[in-house]
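Sequential numbering from 1 along the given sequence is applied to the chain's residues.
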Amino acid sequence: MVSEGGDKTGSYGKIAKTESVSIVSAAISCDAEFLQYMSSLKWDGYVHSIFDRTVNLQCRTNDELYTIANRQVDNAPNTLITDRGGFANQGLAVGDQVYAEHDRLYVGKAFVLTLRDVRVWRSKLPSYPDDEGNLRSNAAAAASFIEIFGKGGGIKRTSERVNAMD
């Protein structure tokens with residue numbers, strides 16, 4: 001099978017999807033919206049960046065970042081947790097093609113993730129309080145603490161002016 005693909009600059013060429021993948025891993029859990037997006041639109045993107053515990057993916061369709069993470073990372077929006085131990089030195093390269101097909105996510109030639117038994121994770125945001133009094137009180141207490149104990153130059157203004165335009 002051949003499909004449209006491309007590199008991280010957006011240039012396109014034909015990429016054969018029949019090449020063998022060296023490692024098959026299982027997805028443990030995945031953000032509900034990420035999973036639905038992969039299932040419905042045949043997710044297509046590339047490896048944006050690689051770290052020891054995570055790989056960031058850039059989606060060509062919506063230009064959003066998604067994350068594949070090892071089992072030590074918590075669930076999060078746009079994130080898929082795998083049974084893998086890590087990602088550094090695993091044959092991945094920035095710009096590698098990533099695509100979803102059926103119940104699998106192919107990540108370059110390095111590995112494929114099976115999505116068959118993945119647990120769906122949904123973000124639960126707390127409700128915004130009706131009374132903002134506690135929020136304002138806590139923000140004031142934090143500002144007071146920073147003013148007393150903080151170092152100048154961040155959220156606390158420096159006592160000395162560096163230039164006359166300050």
Of N78, D31, N56, T54, which meets side-chain hydrogen bond (donor to acceptor under 3.5 Å, both in side chains) against T67?
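Among N78, D31, N56, T54, the one that satisfies the side-chain hydrogen bond (donor to acceptor under 3.5 Å, both in side chains) with T67 is N56.
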d(L115 CG, R104 CZ) to nearest 0.5 Å is 9.0 Å
Hey, could you give me the CD1/CG distance between I28 and D117, rounded to the nearest 0.5 Å?
11.5 Å
So which pairs with a foot in residues 57-76 pass ring-ring contact (aromatic ring centres under 6.0 Å, His included), sequence neighbours left out?
F34-Y66, W43-Y66
Minimum heavy-atom separation for [X] to [Y], with atom names?
| X | Y | answer |
| --- | --- | --- |
| Y106 | E101 | CE1-CB, 4.1 Å |
| A93 | V47 | O-CB, 3.5 Å |
| H48 | V94 | O-CG1, 3.6 Å |
| C59 | Y37 | SG-CE2, 3.6 Å |
| M38 | L105 | SD-CD1, 3.8 Å |
| A110 | L92 | CB-CD2, 3.6 Å |

Under 3.5 Å, is there a donor-acceptor pair between the side chain of [X] and the main chain of [Y]?
| X | Y | value |
| --- | --- | --- |
| S39 | L35 | yes |
| T82 | A69 | yes |
| R60 | G45 | yes |

Looking at side-chain heavy atoms only, is the closest gap between D44 and Q97 below 4.5 Å?
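Counting from C-beta outward, D44 and Q97 do come under 4.5 Å.
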Would you say the side chain of N134 lies within less than 4.5 Å of the side chain of P129, judging by non-hydrogen atoms?
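Of all side-chain heavy-atom pairs linking N134 with P129, none is under 4.5 Å.
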Identify the residue among T114, L113, V112, I68 that makes a side chain to side chain contact (heavy atoms under 4.5 Å, CB included) with S25.
L113
The criterion is ring-ring contact (aromatic ring centres under 6.0 Å, His included); which residues satisfy it with F145, sequence neighbours excluded?
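In terms of ring-ring contact (aromatic ring centres under 6.0 Å, His included), with neighbours along the sequence ignored, F145 is linked to F149.
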Clusters formed by hydrophobic residues whose side-chain heavy atoms approach within less than 4.5 Å: which one holds F51, and what are its other members?
none
